[in-house]
Amino acid sequence: MMWRLVSCTLCLLVSAQLSQWCVWASAVELDGEVKIEVVYKPEECTQKSKRGDLINVHYDGFLAKDGSQFYCSRSDKTGHPQWFVLGVGQVIKGLDLGMEDMCPGEKRKITVPPGLAFGEKGKDPVPPNATVVFEVEVYSVSRGPRSMEAFKMMDLDEDKSLTKEEVKQYLQLEYEKSGKPRNAAFYEKIMADIFRKSDQDSNGHISAKEYNIYGHDEL
């Protein structure tokens with residue numbers, strides 16, 4: 001009788017441990033890691049992307065399961081390359097991670113597990129728990145726009161606040177340095193969005209405090 005009790009206890013312990021391992025394995029499979037394949041990288045790299053940089057990029061999204069395409073920035077809206085601040089959640093976490101250290105002109109294939117993409121719920125047309133693949137091409141990388149260095153470069157009159165004209169001049173210089181100058185409408189669009197997100201008191205200026213999205217000693 002004692003042996004049977006011990007055997008049953010051991011079986012329950014082993015079963016519980018196996019269940020825990022299975023749950024852990026499923027979680028790892030869902031979360032996983034971002035896989036990066038560099039398709040093309042220019043010989044000269046003027047500046048590598050990092051968290052907080054403003055980048056201009058085209059990207060196509062595919063389902064890893066069957067290769068069907070669910071997004072194409074070239075056909076979305078006006079078809080212009082997308083711009084966003086890297087590493088602050090303006091795109092899915094997997095892309096924020098997968099596009100770090102990219103050079104202007106570089107192309108990558110980035111495979112993102114569900115936990116770093118659209119998760120358990122998915123997002124139409126991406127189904128729940130879907131691994132997705134992005135083909136990415138970076139056109140330009142601009143310093144900031146949330147670093148102390150970028151703020152000082154933009155603050156031409158050194159009054160610790162930014163005007164629309166100061167921000168516009170900075171953007172023009174950054175894109176010209178990358179060899180990809182844009183028209184006035186392009187800069188106006190970026191500038192308007194920056195002020196919409198950062199000019200919290202709507203006074204037409206961005207203070208150092210408003211500018212600092214990180215909330216610590218970067219500024």
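Values in this document were obtained by computation on a predicted structure and should not be read as measured data.
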I would like to know whether Val57 and Phe84 meet side-chain contact (heavy atoms from CB on, under 4.5 Å); could you show each step before the answer?
CA-CA 8 Å; Val57 56; Phe84 53 85; 3.3 Å; yes
With distance as the sole test, does Ser73 use its side chain to make a donor-acceptor pair with the main-chain N or O of Pro81 at under 3.5 Å?
no
Atom NZ of residue position Lys107 - does it have more than 12 heavy atoms of other residues, nucleotides or ligands inside 6.0 Å?
no
Disulfide (SG to SG under 2.5 Å) involving Cys72 - partner list, sequence neighbours excluded:
none
With the 4.5 Å side-chain cut-off for hydrophobic clustering, are Ile36 and Leu116 part of the same group?
yes
Output all residues satisfying salt bridge (Lys or Arg N to Asp or Glu O under 4.0 Å) with Glu106, sequence neighbours left out; order by chain, then residue number.
Arg108
Can you name the closest pair of heavy atoms from Val136 and Tyr59 and give their distance?
CG2-CB, 3.9 Å
Determine yes or no for a side-chain-to-main-chain donor-acceptor pair under 3.5 angstrom, with Ser49 supplying the side chain and Met102 the backbone.
yes
Inspect the contact between Lys152 and Glu158 and indicate whether a charged nitrogen and a carboxylate oxygen are less than 4.0 angstrom apart.
no
Same cluster (ILVMFWY, side-chain, under 4.5 Å), Met153 and Val85:
yes
I'd like to know if the side chain of Glu166 and the backbone of Leu156 have a donor-acceptor N/O pair within less than 3.5 Å.
yes
Closest non-hydrogen atoms of Leu63 and Ala130, given as atom of the first, atom of the second and distance, are CD2-CB, 4.4 Å
Can you tell me if Asp53 uses its side chain to pair, donor with acceptor, with the backbone of Leu86 under 3.5 Å?
no
Which heavy atom of Asp155 sits nearest a heavy atom of Ser161, and at what distance?
OD1-O, 3.1 Å
Straight-line distance of Tyr71 OH to Gln82 CD, nearest 0.5 Å:
4.0 Å
Is a donor on one side and an acceptor on the other found under 3.5 Å between the side chain of Asp101 and the backbone of Lys48?
no
Exam field: side chain Asp60 to backbone Glu135, donor-acceptor pair closer than 3.5 Å
no
